Amino acid sequence: MTTVPFPAATITGYPRIGRRRELKKALEAYWAGRSTREELESAAADLQLATYRRLVELGLGAQDSSLPAAFPLYDQVLDTTVALGAVPSRFADLADAEGRLDLDASFVLARGDAGRAPLELTKWFDTNYHYLVPEIGPRTPFRATADRLVADVRRAAAHGFTVRPVLVGPASFLLLAKADDDAPAGFDPLQRLPELLPVYAELLQELAAAGADWVQLEEPALVADQHVPAEQLASAVWDAYTALTAVAGRPQLFVTTSYGSPGPLLHPLACSGVEALHLDLVKGATPAPEELEFFRGEDSAVLVAGAVDGHNVWRADLAGGLDRLAELARGGAQVSVASSTSLFHVPHDVAEETRLDPQLRSWLAFADQKVGEIVTLARGLAAGAEAVAGQLAEAAEARRTRQDAAGVRDAAVRERAGSLTAADIERADAAVRRAAQEGRSFTASGPLPPLPTTTTGSFPQTAEVRAARARHRAGALTDAEYDAFLREEIERVVRLQEELGLDVLVHGEAERNDMVQYFAEHLDGFATTVHGWVQSYGSRCTRPSILWGDVSRQGEGLRGEAFTVPWIRHAQSLTDRPVKGMLTGPVTILAWSFVRDDQPLGETANQVALALRDEVADLEAAGIGIIQVDEPALRELLPLRRADQPAYLGWSVDAFRLATSGVRDETQIHTHLCYSEFGEVVGAIDGLDADVTSIEAARSRMEVLTDLEAAGFSRGIGPGVWDIHSPRVPSQEEIEQLLERALEHVPARTLWVNPDCGLKTRGYEETKASLEHLVAAARTARERVAQPAGRPLIVQHGTRG
Ligand SMILES: CN1c2c(nc(N)[nH]c2=O)NC[C@@H]1CNc1ccc(C(=O)N[C@@H](CCC(=O)N[C@@H](CCC(=O)N[C@@H](CCC(=O)O)C(=O)O)C(=O)O)C(=O)O)cc1
Ligand SMILES: N[C@@H](CCS)C(=O)O
Ligand SMILES: [Zn+2]
């Protein structure tokens, strides 16, 4: 092994979608058959090289391994699955004779094909990124497939860059995996760790031979409480890394632990012989003096201090950061400076945001600015604070102006939020409300049938809808023309739902670019960006809004003006059937925005909730009887350590209740949560006190209902019967079967029929076909429920053996 020092400044990753979303465009063109594989590969290679050039321009070294080679085309976990040859059994036919998956095969794992669902997509720690879950069973093959990684290293070298390849580390890979369908009960993918290590060893050797001096192994799963006890995990980590550090001809190893603290796993990680260990000093703790011992001495690991926040956009407190780093160095550690997480959670460059208020812009740091901060901190650490005095002073001034700026603190908003009482989050008892709601006709069309059908809100965001919005933004469409366009679109969607025979309609959300950004555009205290795209999964991106000040609805007075009511009222005016009001909940608005870091999140949540409460009240006053408040991100923000979860669930549930509890008993509040791992949050979902909850359930074939049943959940529930994440159209029979399963756990009286999530990413063809099947299946199920003797399949609640 050659010994090349770890660079003084580095990042653990950089946005890979491209400054103008070049990768998204290249991928989507390829998938649509509009470009060749060579064109896709060439666009991706250009992006890699442009990234290296930019990072060097920003102050990172070209040849000291400070540049991470982390350029997955779809997802980093998928790339590690491919590199390990861990081909799930249901995709075995896609592998070549040596058991390898090529790029096209990997896209089938990511996106599915006609007969096959893709790998499950799940949120990545407490972020809005989603990874593809590896499926591991006792017989899943493992085989080193280093060709793409090696090609990246060689391409970079040919252009003068010595880069650092990145892989998900062995412990996290298996902890992030799920047991495949062939695995026996009780099988845990972690059992395969000993068999996986030789494959990592081979990959490391191949990368060293290709010229990599350092390889980065990401171990974020080690900062979260896991299903295995900490001692067992500690010995697995020790075994894994002592084995890898014993590999002959390997590169030096840099292990990262983003999104929190490794806690008791710090010891085995730091002392296993790896040459550098990253700690997230933003979300995690600074090592205690006794932990600093692990980093003392010549043969110890370099402490790579993740001092600059990779997951939020505020300019760093450089002086404070430098003091902390100097303290670590004085404690005897050899310290390098890095980002706390990969920078792919933040947009490329704040300089692109020329439409942002210049003062707000001066408070912000996107990926490029963060690289600059890291380089400054590393210089300050090496040469003393005076060497970077100018940068420290500028950063301090930005923080000072932010503290004192108008709008950051709004006395009226604060007074309102400060005078809340317990009564503001209470509604009448759920049973009382249910009686009031069952007794009412939501519209002229009469009471709802049993097993009412509905959708979760959005209808396909067609190219025409997006183009109209883009033309409106560019001034090519007047406000009146855009408004007329949207009203027609709403009418089309309403008529379609009537034709399909849905019971509770939606307006389709055509006016919304995104379910959070749209709200941010109508609330004071938020700013939005033009180019601030961040990857959410695959080629799909969002532009997280920036929540910088106190929040209320825009417009005159403290309550401001309603902004969703005109659309919903228009939709309702077109039909006799009830149209749902459609709002995004406070927790989701926070989770998918960059939030202020100068006050507890719970305080910010209450301000957002109060603004939504005003909107809910205005919807009710406009005659809307059913109001849905989506909280798909409720689970996303759940702290990674169990000890921190109750406090979070307390304020987040209260914020939802604050938004929704100002209505009459007969107004039905719905919520929508599009994830299926309910276990940990089932109590909180009950605590939301919504009358009806729609959840993702199709992929897990209603498994989620067992959690709800076990928790005694008795409110209205709409387990998704159509997995909208792929273009596949579910058959009527398949949906009927799912409903039969659902009825084994849920009484017919509380069951709703709906897809897993919104239809905005789907096309109309599959939407129409799937909804036809959904409505027909609901009708069949209704008939069976009405005649229980005719079909033994309908089992009364609680009587299942
Ligand atoms: C439900 N999910 C959401 C998450 N986070 C959000 N913030 N929003 C969500 O809905 N997280 C979890 C899940 C799954 N995640 C996603 C994330 C992103 C998408 C998605 O479909 N993204 C779209 C972009 C959506 C958007 O903002 N559209 C805008 C701008 C569209 C655009 O690119 N315009 C072009 C010009 C358009 C033209 O000429 O046709 C431009 O500006 O250059 C809009 O519609 O106005 C994506 O394409 O990535 C889904 C689920
Ligand atoms: N109402 C939103 C929820 C997405 S999670 C939609 O249907 O798109
Ligand atoms: Zn959803």
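Each ligand, and each atom within it, is numbered from 1 in the order the structure gives. Predicted model, so just to flag it, every value in this text is computed and none were measured.
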What is the nearest protein non-hydrogen atom to [atom], stated with its residue, atom name and distance?
| atom | value |
| --- | --- |
| atom 13 (C) of ligand 1 | W592 CH2, 4.1 Å |
| atom 48 (O) of ligand 1 | K24 NZ, 2.6 Å |
| atom 26 (C) of ligand 1 | N513 O, 3.2 Å |
| atom 8 (N) of ligand 1 | D514 OD1, 2.6 Å |
| atom 30 (C) of ligand 1 | R543 NH2, 3.6 Å |
| atom 15 (N) of ligand 1 | S536 OG, 3.0 Å |
| atom 39 (O) of ligand 1 | A470 CB, 4.0 Å |

Between the side chains of [X] and [Y], is a donor N or O closer than 3.5 angstrom to an acceptor N or O?
| X | Y | answer |
| --- | --- | --- |
| T575 | E498 | yes |
| Q517 | T528 | no |
| R540 | Q535 | no |
| W124 | Y259 | yes |
| Y648 | D126 | no |
| Q628 | D630 | yes |

Q: Return the option from H725, R21, R540, H130 holding the heavy atom at the smallest distance from atom 19 (C) of ligand 1.
A: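 It is R540 that holds the nearest heavy atom.
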Q. Which is closest to atom 44 (C) of ligand 1 in terms of heavy atoms, R512, Q461, H531, R469?
A.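 Nearest option to atom 44 (C) of ligand 1, by heavy atoms: R469.
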Q. If you draw the axis of the six-membered ring of Y764, does the NZ or CZ of R492 fall within 45° of it and under 6.0 Å from the ring centre?
A. yes
Return yes or no for this condition: an N or O of [X] is under 3.5 Å from an N or O of ligand 1.
| X | answer |
| --- | --- |
| T761 | no |
| K760 | yes |
| C541 | yes |
| Y537 | no |

Q | Per-residue contact class, W533 against ligand 1 - non-hydrogen pairs under 4.0 Å | A |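 Within the 4.0 Å criterion, W533 contacts ligand 1 through side-chain atoms alone.
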**Q.** Proximity to ligand 1 by part of R473, non-hydrogen separation under 4.0 Å
**A.** side chain
Validation row, ring centre [X] to ring centre [Y] under 6.0 Å:
| X | Y | answer |
| --- | --- | --- |
| H345 | F125 | no |
| W31 | F107 | yes |
| W752 | H670 | yes |
| Y129 | F344 | yes |

**Q.** Within the 4.0 Å heavy-atom sphere of ligand 2, strictly under, residues
**A.** T456, G457, S458, E509, M515, M582, D630, P632, H672, C674, C757, G758, K760
Does a salt bridge link [X] with [Y], judged by any charged N lying under 4.0 Å from a carboxylate O?
| X | Y | answer |
| --- | --- | --- |
| R699 | D756 | no |
| R569 | D618 | no |
| R361 | E353 | no |
| D483 | R487 | yes |

Q | Partners meeting salt bridge (charged side-chain N to carboxylate O under 4.0 Å, His left out) with E509 (sequence neighbours left out) | A |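 E509 satisfies salt bridge (charged side-chain N to carboxylate O under 4.0 Å, His left out) with no other residue.
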Q) Going by the order shown, which atoms of ligand 1 are within less than 4.0 Å of some heavy atom of N128? A)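 Here the atoms of ligand 1 in question are 4 (C), 5 (N), 6 (C), 7 (N), 11 (N), 12 (C).
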Q) Taking only heavy atoms of R466, which atoms of ligand 1 are found under 4.0 Å from at least one of them? A) 31 (C), 40 (O), 45 (O)
Q) If you leave out waters, which protein N, O or S atoms are less than 2.8 Å from the Zn ion (ligand 3)? A)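 You should have found H672 NE2, C674 SG, C757 SG.
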**Q.** W722 side, atom CH2; E696 side, atom CD - distance, nearest 0.5 Å
**A.**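 Going from CH2 on W722 over to CD on E696, the span is 13.5 Å.
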Q: Provide the full list of ring pair (Phe, Tyr, Trp, His ring centres under 6.0 Å) pairs with a residue in residues 484-511, sequence neighbours left out, each pair given once.
A: none
